[in-house]
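Being a predicted model, the structure only gives us computed values, none of them experimental. Read the numbers this way: they start at 1 and go in the same order the structure lists the ligands and their atoms.
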Amino acid sequence: KRVAILISGGGSNMVRLIEDMAGDHPARPVLVASNNPAAGGLNRATEAGIPTAAVDHRNFPKDRAGFEAALLRPLLEAEPDILCLAGFMRILTPDFVQRFAGRMLNIHPSLLPKYPGLNTHARAIAAGDAEAGCTVHEVTPELDAGPMLGQARVPILPGDDAATLAARVLVQEHRLYPAVLRRFAAGDRTPVIL
Ligand code: GRF
């Protein structure tokens, strides 16, 4: 299976996915693309020998469709079977999502359906939750709401702030996403529960 990974920043999840695919795996990375030409993950992808593409969303102010049309060019050229959003911080239109229906994954740093959207860790702490975590789900037109493909939990500890909790969750993201992609690429949609 051919996998394209979309990032916006450092790409630590992307790195773990690429590392896992380097071994015996039903999928291989064919492109890393970003909405941010300065995304550190682009350099890490290049170091790993993966082709990259950057389409700066700031070149398309108030023109989400225009940005996505530009992003689709390198994306479709790579002919991916699966799209993995990994720290990708742009909301995609239903039209874009439908193009990859059933084969686009995202990792979200909360125990969905709790806390879709942003600032998930601060919200969990403010709510007095005992646990937090991350979820990999299929991307559907509704934000952070598609069928769950994996979940990992961490405790929220006394004295935690958003940064300390985010760091604890990120460790689990790096375990969860590769496990989910491996299973998904083999055609198995049974959720991975770590
Ligand atoms: C992290 O906050 C992670 O929780 C979320 O996206 C952010 C950046 O991830 N998935 P990455 O290091 O770019 O993969």
Check your understanding: Does the side chain of H174 pick up a donor-acceptor pair with the side chain of S12 at under 3.5 Å?
Key -> yes
Exercise for review: Identify, with sequence neighbours excluded, every residue that meets salt bridge (charged side-chain N to carboxylate O under 4.0 Å, His left out) alongside D56.
Suggested key: R58
Review point. Taking only heavy atoms of I107, which atoms of ligand 1 are found under 4.0 Å from at least one of them?
Key: 10 (N)
Review point. Does atom 2 (O) of ligand 1 have a protein heavy-atom neighbour under 4.0 Å away?
Key: no
Review point. Can I7 be said to touch ligand 1, with heavy atoms closer than 4.0 Å?
Key: no
Practice item. Looking only at protein heavy atoms, identify the closest one to atom 11 (P) of ligand 1 and say how far it is in Å. Key: S12 N, 3.5 Å
**Study point:** Distance-only donor-acceptor check, side chains S8 and N35, under 3.5 Å
**Key:** yes
Review point. Any nitrogen or oxygen of L170, main chain or side chain, under 3.5 Å from a nitrogen or oxygen of ligand 1?
Key: no
Review point. Hey, are T164 and D161 close enough side-chain-wise for a donor-acceptor pair under 3.5 Å?
Key: yes
Check your understanding: Is it true that the side chains of T190 and D188 contain a donor and an acceptor less than 3.5 Å apart?
Key -> yes
Practice item. Measure from atom 7 (C) of ligand 1 to every heavy atom in C134, A86, G87 and give the option owning the shortest one. Key: G87
Point to revise | Ligand-side contact atoms (ligand 1) for residue partner P109, heavy atom cut-off under 4.0 Å | key: 4 (O)
Practice item. Tell me yes or no: between the side chains of N106 and Y177, is some donor less than 3.5 Å from an acceptor? Key: no
**Study point:** Nearest non-hydrogen protein atom, atom 5 (C) of ligand 1
**Key:** E173 OE1, 3.8 Å
Check your understanding: Short N/O distance, under 3.5 Å, between N13 and ligand 1?
Key -> yes
Exercise for review: Give a yes/no verdict on whether any heavy atom in G11 is under 4.0 Å from an atom of ligand 1.
Suggested key: yes
**Study point:** Check: H137/T135 side-chain N/O donor and acceptor closer than 3.5 Å
**Key:** no
